[in-house]
Amino acid sequence: MNEKTQLRIALSLLEFLSLEEKLLLEKKLGGFEELSSLSLSQLELKVGRVLKTKVFPFLNLAAIVNRDIAIMKKLGIGALHYSDEDFPVLLKQIYDCPYMIFYRGDKSLLNQLSIAMVGSRHCSSSGVLMAKNFSSELCERGFVVVSGLANGIDSASHIGTLASGKTIAVLACGVDEIYPKNNVKLACSILEKGGLIISEHPPMEAPLKYRFPQRNRIISGLSQGVIVMESPPKSGSLITADFAIEQNRELFFHKNALEMDLKLGDEYLKNKSVSLARAMKIKRVSSYVEDGAKVVDSVDELLKALFN
C-alpha cells in the first residue's frame with residue numbers, strides 16, 4: 001500500500017480527531033512520516049485546538065500501521081475513504097460521519113436500499129422469531145438488513161436474511177476480530193452468503209465499551225429507516241433510536257416492542273424502586289411512540305409508512 005493509505009490508516013486511529021480535522025491533516029501533512037514525527041503540541045497547532053488525549057503521540061505508529069496493512073492483505077480487508085466514490089451516500093449525510101470504513105465482503109451493499117433492525121440482547125423467544133421472519137421478508141422485498149451482530153435481536157435479524165438476501169453487520173471493533181465470539185460462525189455465514197461486515201476501526205482494535213454507541217450511529221446512518229423489534233427500558237437499542245431521530249431517519253417500533261414495554265416497563269420501575277422524577281427520564285418505547293414514532297406489525301405496514 002502507498003504512503004497515502006498509510007497516512008489514512010494512521011489518521012483513522014486518532015479517534016480524538018473529528019472527520020473535518022482528519023481531512024484537514026491529509027491536506028496539511030506531507031505524508032505518513034510527518035504525522036508519525038509530530039508531538040501533541042505540534043498536532044494541536046495543525047488542527048487549531050487543544051486536544052484532550054493521552055494516546056498521542058504513538059511511539060510505534062509505523063509498526064501499528066504496518067501491522068494493520070499486513071492483516072488487511074492477509075484477510076482481504078478493504079478500506080473506503082470518505083472521498084471515495086463508493087463511500088455510502090447516506091452515511092455522508094450524518095453528523096460525525098466516519099473518516100474510513102474497513103470492510104470484509106460485498107461493499108456494493110453500502111449503497112443499496114437498507115433497513116436497520118435492532119433490539120435487546122436479552123430478548124424473548126417470540127422477539128427472536130419475529131426478527132428472523134421480519135428480516136427475511138425485508139430481503140425478499142429487495143432490502144439489505146443492517147444490524148450490529150450482537151446477541152439477541154441483532155443476531156436474529158442477521159440470521160433471517162441468510163436464506164433470502166443480504167445483510168450488513170456493523171462492529172464496534174476491527175473486522176478481523178468478531179465480537180461477540182459466539183457469533184463467529186454467523187459472521188462467516190454472512191460473508192459466505194455475499195453479505196458485508198464493516199467497522200470504522202482498523203484491524204486489531206478492541207470492542208471497547210464507548211465504541212458501541214458510536215457503532216450505533218453507523219447502523220442508523222446507513223439505513224433509510226430503523227425498526228426496533230424489542231427493547232426494555234434503558235436498552236442500548238434505544239441509543240440507535242435516538243440516532244435515527246437525530247439523523248432524520250424514519251423510526252419504527254414493532255408492535256411487539258410496544259407490547260413488551262407496556263407489560264414489563266412498569267414492573268421494571270417498581271422492582272428497581274425508581275423515584276418518579278428518575279422514572280420520567282428513563283427512555284421507554286412508549287415515550288418514543290407518544291412523541292410520534294410509528295408502530296408497525298408487518299413489513300407491508302413499514303414499507304407503506306416509509307414510502308407514502
Kindly say whether [Y] contributes a backbone atom to a donor-acceptor pair with the side chain of [X] at under 3.5 angstrom?
X	Y	answer
Ser114	Leu222	yes
Arg104	Ile198	no
Arg249	Gln247	yes
Ser147	Leu149	no
Lys28	Lys46	yes
Glu3	Gly31	no
Glu137	Asn133	no
Ser136	Lys132	no
Thr167	Gly195	no
Asp176	Met204	yes

State, with a plain yes or no, whether a side-chain heavy atom of [X] is found less than 4.5 Å away from one of [Y].
X	Y	value
Ile190	His158	yes
Tyr103	Leu80	yes
Ile197	Ile178	yes
Leu23	Leu11	no
Ile9	Met72	yes
Leu43	Phe56	yes
Phe58	Ser36	no
Tyr95	Glu246	yes

Considering only NZ, NE, NH1 and NH2 on the basic side and carboxylate oxygens on the acidic side, decide whether Arg121 and Glu230 come within less than 4.0 Å.
no
Residue pairs involving residues 297-308 (criterion side-chain hydrogen bond (donor to acceptor under 3.5 Å, both in side chains); sequence neighbours excluded)
Arg141-Asp300
Are [Y] and [X] co-members of a hydrophobic cluster defined by side-chain heavy atoms under 4.5 Å apart?
X	Y	answer
Met100	Leu25	yes
Ile219	Leu109	yes
Leu251	Ile218	yes
Leu51	Val55	yes

Nearest 0.5 Å, please: how far is [atom2] in [Y] from [atom1] in [X]?
X	Y	atom1	atom2	answer
Tyr99	Ser12	OH	OG	7.5 Å
Ser223	Phe143	OG	CZ	10.5 Å
Ile115	Ser157	CD1	OG	12.0 Å
Cys123	Ile153	SG	CD1	4.0 Å
Ser237	Asn216	OG	CG	8.5 Å
Leu40	Lys52	CG	NZ	12.5 Å

Quick note, salt bridge (Lys or Arg N to Asp or Glu O under 4.0 Å) partners involving residues 12-21, not counting sequence neighbours, are Glu15-Arg211, Glu21-Arg49
Salt bridge (Lys or Arg N to Asp or Glu O under 4.0 Å) partners of residues 146-159, not counting sequence neighbours, each pair once:
none
Result for side-chain contact (heavy atoms from CB on, under 4.5 Å) between His254 and one of Met229, Met117, Glu259 points to Met229
In residues 84-92, what donor-acceptor pairs under 3.5 Å come from side-chain atoms, sequence neighbours left out?
{"from": "Asp84", "atom 1": "OD2", "to": "His81", "atom 2": "N", "distance (Å)": "2.7"}
{"from": "Asp86", "atom 1": "OD2", "to": "Lys107", "atom 2": "NZ", "distance (Å)": "2.8"}
{"from": "Lys92", "atom 1": "NZ", "to": "Tyr82", "atom 2": "O", "distance (Å)": "2.9"}

Over 12 non-hydrogen atoms of neighbours within 6.0 angstrom of [atom1] in [X]:
X	atom1	result
Gln93	CD	yes
Asn248	CG	no
Phe307	CZ	yes

Partners meeting side-chain contact (heavy atoms from CB on, under 4.5 Å) with Asp96 (sequence neighbours left out)
Arg217
Just to verify, what does Ser199 make a side-chain contact (heavy atoms from CB on, under 4.5 Å) with, not counting sequence neighbours?
Leu171, Val175, His201
Looking only at the side chains, is there a donor atom on one of Asp261 and Tyr288 sitting less than 3.5 Å from an acceptor on the other?
no
